[in-house]
Amino acid sequence: PCPPPSSSSTPHRLPPHLRRRSARLLQGKMASHIVGYPRMGPKRELKFALESFWDGKSSAEDLEKVAADLRASIWKQMSEAGIKYIPSNTFSYYDQVLDTTAMLGAVPDRYSWTGGEIGHSTYFSIARGNATVPAMEMTKWFDTNYHFIVPELSPATKFSYASHKAVSEYKEAKALGVDTVPVLVGPVSYLLLSKAAKGVEKSFSLLSLLDSILPIYKEVVTELKAAGASWIQFDEPTLVKDLAAHELAAFSSAYAALESALSGLNVLIETYFADVPAESYKTLTSLSGVTAYGFDLVRGTKTLELIKSAGIPSGKYLFAGVVDGRNIWADDLAASLSTLQSLEAVVGKDKLVVSTSCSLMHTAVDLVNETKLDSEIKSWLAFAAQKVVEVNALGKALAGLKDEAYFAANAAAQASRRSSPRVNNEEVQKAAAALKGSDHRRATPVSARLDAQQKKLNLPILPTTTIGSFPQTMDLRRVRREYKAKKISEEEYVSAIKEEISKVVKIQEELDIDVLVHGEPERNDMVEYFGEQLSGFAFTANGWVQSYGSRCVKPPIIYGDVSRPNPMTVFWSKMAQDMTPRPMKGMLTGPVTILNWSFVRNDQPRFETCYQIALAIKKEVEDLEAGGIQVIQIDEAALREGLPLRKSEHAFYLDWAVHSFRITNCGVQDTTQIHTHMCYSNFNDIIHSIINMDADVITIENSRSDEKLLSVFREGVTYGAGIGPGVYDIHSPRIPSTEEIADRVNKMLAVLDTNILWVNPDCGLKTRKYTEVKPALTNMVAAAKLIRTQLASTK
């Protein structure tokens with residue numbers, strides 16, 4: 001093949017028509033930038049390729065081809081839309097923090113990695129565990145619903161340049177004719193997001209490893225420069241958190257150390273998800289070797305004031321994140337343009353770049369694939385592909401090339417949304433406003449309620465239960481799909497679901513589980529299922545967003561006031577309870593989780609929407625109780641992830657979030673047992689709010705966080721309600737032994753009272769196979785019985 005034309009070829013050698021075209025192309029790229037882009041593909045192509053590869057149904061080459069095609073189409077799309085600063089290395093097979101761990105060769109010994117370039121096998125073992133070793137811990141990425149794999153570091157960690165992904169993706173884009181901005185997780189944020197490995201001294205500071213990882217960052221930067229990169233983006237989102245002086249100092253020393261390696265490159269430091277505090281702003285804007293600063297101006301309204309008052313150092317670029325990367329609403333272009341114009345006065349016209357507030361991976365991919373969405377609602381929305389166009393339109397408008405028709409259509413859509421009767425429901429607004437007077441607590445304290453419930457339920461000590469869902473087989477998904485497509489009648493659908501519930505009930509009875517669940521075969525998703533039955537919600541066909549690895553969620557869109565026209569779960573819960581003498585849990589998703597896992601309207605405070613949802617769930621709780629359901633679980637899996645990133649804002653959020661939960665069940669009798677469930681998160685800092693929820697029983701993810709949760713109780717927090725810290729990790733296919741589970745339960749009994757402890761998995765079982773679920777639950781029940789026997793004999 002011919003060698004590619006050298007990029008240094010001078011324009012005067014081109015024929016006149018090409019010269020005009022190249023001048024036009026150069027001129028066409030306005031100052032526009034995208035922080036990052038979704039990886040899964042418009043139809044979740046990457047998800048299916050990953051799962052096929054993991055199941056051994058396709059080869060590594062097949063997976064790599066799907067990945068390369070996705071990357072190429074994303075770069076091409078941004079280039080054709082006119083974006084000037086296009087990111088590369090924001091693609092990932094699992095997670096960008098794990099990619100950084102691979103780049104640094106920071107692989108814990110248990111994965112038996114022997115050095116060299118990290119391949120799929122080691123990479124996916126770290127992410128998912130394998131037959132012999134568990135996965136690394138996963139936790140929320142800031143306050144989003146995305147999860148990252150937490151690096152495990154110690155003074156003994158040996159770092160080496162072990163994944164050349166950033167450089168190879170830059171070269172791959174370049175070969176396609178697209179010059180990109182390679183994106184790396186910045187060195188300081190990487191360390192601040194890490195955790196100390198097991199058994200490391202308490203005094204160990206993660207930042208002490210800075211000098212060990214910077215040489216590898218230098219190697220990467222040097223290779224990128226050699227490959228022709230002119231810009232590089234370091235994501236340092238921890239700058240929006242409350243940082244101590246020594247943490248801020250680490251930023252200064254890290255970038256001073258990188259300065260010589262970075263010389264000749266334009267360096268962008270990107271922050272997102274919140275305001276940058278004044279002290280951090282000062283540190284950021286005085287970093288050596290840095291050319292540009294990126295800010296989230298959607299969630300960071302105070303940063304806007306800071307930029308205007310403190311200014312930007314002369315000659316530096318401001319990447320202004322005005323287009324919301326975390327929601328699906330069309331941008332209010334007129335408002336954004338006026339923000340941008342006010343910033344021009346601060347930094348100068350040639351140093352202002354229009355950007356997204358954060359990576360677009362937190363929003364849906366492309367509105368084009370929504371053929372069934374109501375056209376009025378659709379006119380109010382913009383997904384990632386549309387946001388790219390918005391960013392470019394703002395860049396052009398700023399340069400004096402405003403597309404008047406595009407701006408006018410946008411203004412009309414904004415106005416229609418403000419005035420639409422579908423958005424406003426006066427009755428709901430009144431009911432929510434009336435909530436302000438009470439704190440909605442149940443009248444009787446929890447200890448007396450638990451006594452009343454035990455008289456009625458008569459459970460053994462260490463009662464066993466599961467969290468809610470059972471495996472969702474292909475058959476089950478097919479039944480739901482066919483019913484939705486009207487290919488089977490309602491009667492056939494109900495009969496198929498009833499059969500599945502009956503199977504799940506039988507399995508639990510055979511396993512001798514104490515409090516049963518119906519398995520949720522009728523539910524596609526714990527939020528979508530409720531949103532479909534509430535007013536004020538809209539749904540997409542392909543509005544998928546990555547949650548972790550190949551797992552995607554399809555958040556509902558809350559566009560208007562929320563109410564519950566009809567009972568949502570009572571029919572199925574009563575059917576299930578009729579099949580067994582054992583208590584059957586009613587299963588609901590709580591208001592805070594519905595809120596935090598939806599795309600929420602941005603035209604009123606979040607708490608107002610949350611109170612509306614709480615009132616809708618309250619009606620459902622009361623209908624379940626009236627239908628004879630004695631145990632009702634109201635999941636608040638996502639309570640923790642809505643916590644603002646700033647400590648000063650925690651109290652206000654926790655107050656309305658916990659209040660919303662209490663609203664849902666303040667009206668039930670003492671004998672009705674209210675459970676709640678919370679997913680993987682660090683709860684230690686909010687344990688008092690959890691107690692304040694005043695649930696009768698709480699089940700919490702625990703096994704993957706190495707019993708961090710239990711340390712709270714060791715440190716003397718007294719908890720009087722029922723509690724079930726998860727005894728095994730359902731995110732991994734691994735089957736724990738009876739001994740392992742018994743050992744976990746004994747650890748819990750060292751800090752928790754026998755009569756309040758429950759035994760349950762970490763989370764719902766819907767993503768697992770029955771071949772994994774049955775043996776794991778068998779061992780779980782056996783462990784509970786073993787310890788009951790031991791406790792009885794010691795008595």
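All residue numbers refer to positions in the sequence shown, counting from 1. None of these values were measured; they are calculated from a predicted model.
Not counting sequence neighbours, the partners of Lys65 by the salt bridge (charged side-chain N to carboxylate O under 4.0 Å, His left out) test are Asp69. For the salt bridge (charged side-chain N to carboxylate O under 4.0 Å, His left out) test, no residue two or more places apart in sequence or in another chain qualifies with Glu223. Residues passing the side-chain hydrogen bond (donor to acceptor under 3.5 Å, both in side chains) test with Asp635, sequence neighbours excluded: Gln633. Checked against ring-ring contact (aromatic ring centres under 6.0 Å, His included), Tyr483 has the following partners two or more places apart in sequence or in another chain: Tyr493. With sequence neighbours left out, Glu532 forms a side chain to side chain contact (heavy atoms under 4.5 Å, CB included) with Lys484, Asn524, Glu528, Phe539. Under the side chain to side chain contact (heavy atoms under 4.5 Å, CB included) criterion, Ala72 pairs with Leu176, sequence neighbours left out. Shown here are the salt bridge (charged side-chain N to carboxylate O under 4.0 Å, His left out) partners of Glu51, two or more places apart in sequence or in another chain: Lys47. Tyr217 meets the side-chain hydrogen bond (donor to acceptor under 3.5 Å, both in side chains) test with no other residue; sequence neighbours excluded. Residues passing the side chain to side chain contact (heavy atoms under 4.5 Å, CB included) test with Ala541 are Glu370, sequence neighbours excluded. The side-chain hydrogen bond (donor to acceptor under 3.5 Å, both in side chains) check on Tyr146 picks up Arg39, Asp95, Gln96, with sequence neighbours excluded. When the side chain to side chain contact (heavy atoms under 4.5 Å, CB included) test is applied to Glu45, the partners found at least two apart in sequence or on another chain are Pro42, Lys43, Val66, Leu70. With sequence neighbours left out, the side-chain hydrogen bond (donor to acceptor under 3.5 Å, both in side chains) criterion links Trp231 to no other residue.
Counting only N and O atoms by type, the side chains of Glu169 and Ser88 include no donor and acceptor under 3.5 Å apart. Between Thr101 and Tyr190, the side chains place a donor N or O and an acceptor N or O closer than 3.5 Å (distance only, hydrogens not considered). Between Glu636 and His677, the side chains place no donor N or O within less than 3.5 Å of an acceptor N or O (distance only, hydrogens not considered). Side-chain contact check for Trp597 and Asn145: at least one donor-acceptor pair (N or O, by modelled atom type) lies under 3.5 Å. If you check the side chains of Ser125 and Asn130, you find a donor sitting under 3.5 Å from an acceptor. Inspection of the Gln472 and Arg523 side chains reveals no N or O donor paired with an N or O acceptor under 3.5 Å. Asp729 and Ser732 are not linked by any side-chain donor-acceptor pair at a separation below 3.5 angstrom, with hydrogens and angles left out of the test. Counted by atom type alone, Asn369 and Thr371 present zero donor-acceptor pairs between their side chains at under 3.5 Å. Of the N and O atoms on the side chains of Tyr728 and Asn779, not one donor lies less than 3.5 Å from an acceptor on the other residue.
Between Ile735 and Thr771, the shortest heavy-atom distance links the atoms CD1-O, 4.0 Å. When all heavy atoms of Asp143 and Arg299 are compared, the closest pair comes out as OD2-NH1, 3.7 Å. Considering every non-hydrogen atom in both Tyr37 and Ser359, the closest pair reads N-OG, 3.6 Å. Pro775 approaches Tyr770 most closely through the heavy-atom pair CD-O, 4.0 Å. Between Val368 and Gln386, the closest heavy-atom pair is N-NE2, 4.0 Å.
Side chains of Ile118 and Val107 form a contact here, defined as non-hydrogen atoms less than 4.5 Å apart. Two residues are said to be in side-chain contact when any heavy atoms from C-beta on lie closer than 4.5 Å; Leu268 and Ile232 fail this criterion. Looking at heavy atoms from C-beta onward, Phe53 lies out of side-chain contact with Ser59 at the 4.5 angstrom threshold. The side-chain heavy atoms of Val181 and Ile86, taken from C-beta on, include no pair separated by under 4.5 Å.
Not one N or O on the side chain of Asp55 forms a donor-acceptor pair closer than 3.5 Å with the backbone of Lys57. With hydrogens and angles disregarded, a donor-acceptor distance shorter than 3.5 Å links the side chain of Ser737 to the backbone of Glu740. For Ser79 (side chain) and Trp75 (main-chain N/O), no donor-acceptor pair under 3.5 Å exists by modelled atom type. At distances below 3.5 Å, at least one donor-acceptor pair connects side-chain atoms of Lys554 with backbone N or O atoms of Thr540. Between the Asn327 side chain and the Val600 main chain, a donor and an acceptor come within less than 3.5 Å of each other. Under the 3.5 Å distance criterion, the side-chain polar atoms of Arg734 are left unmatched by any main-chain donor or acceptor of Thr132. Judged by distance alone, with hydrogens and angles left aside, the side-chain atoms of Asn760 form a donor-acceptor pair with the main-chain N or O of Gly724 at under 3.5 Å. Side-chain atoms of Glu772 come within 3.5 Å of backbone N or O of Lys769 as a donor-acceptor pair. In this structure, Thr271 contributes its side chain and Gly294 its backbone to a donor-acceptor pair below 3.5 Å. Of the possible donor and acceptor atoms, one in the side chain of His147 sits under 3.5 Å from a partner among the backbone N and O of Ser547.
The only option from Ile730, Val773, Leu777 that meets the side-chain contact (heavy atoms from CB on, under 4.5 Å) definition with Thr466 turns out to be Leu777.
In this pair, Trp54 and Tyr94 present their aromatic rings tilted. The plane angle is within the 30 to 60° band.
Between Glu172 and Arg71, at least one side-chain N (NZ, or NE/NH1/NH2) sits under 4.0 Å from a carboxylate O, which counts as a salt bridge. With respect to the salt-bridge test (charged N to carboxylate O, under 4.0 angstrom), the residues Lys195 and Glu137 qualify. Using a cut-off of 4.0 Å between Lys/Arg side-chain N and Asp/Glu carboxylate O, Asp475 and Arg480 are scored as not salt-bridged. By the 4.0 Å N-to-carboxylate-O rule, Lys165 lies close enough to Asp99 to be salt-bridged with it.
The CD atom of Gln546 sits 12.5 Å away from atom CZ of Arg44, with the distance rounded to the nearest 0.5 Å. Between atom OG of residue Ser212 and atom CG of residue Leu153 there is a gap of 10.0 Å, rounded to the nearest 0.5 Å.
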Query - Derivation and outcome, ring pair (Phe, Tyr, Trp, His ring centres under 6.0 Å), residues Phe599 and His362 - result: CA-CA 10 Å; Phe599 287 124; His362 304 291; over 10 Å; no
Report task. With ring pair (Phe, Tyr, Trp, His ring centres under 6.0 Å) as the test, would you mind laying out the steps for Tyr85 and Phe319 before giving the verdict? Result -> CA-CA 10 Å; Tyr85 302 104; Phe319 281 60; 5.3 Å; yes
Query raised in the report: So Tyr93 and His120, ring pair (Phe, Tyr, Trp, His ring centres under 6.0 Å) or not? Walk me through it.
Result: CA-CA 9 Å; Tyr93 283 112; His120 292 309; 5.2 Å; yes
Query raised in the report: Are Asn392 and Glu390 close enough, and set up right, to give a side-chain hydrogen bond (donor to acceptor under 3.5 Å, both in side chains), and what steps lead you there?
Result: CA-CA 5 Å; Asn392 184 58; Glu390 289 180 335; over 6 Å; no
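In this structure, Tyr170 has its ring center no closer than 6.0 Å to that of His164.
By the 6.0 Å and 45° rule, Lys140 does not stack over the aromatic ring of Phe148.
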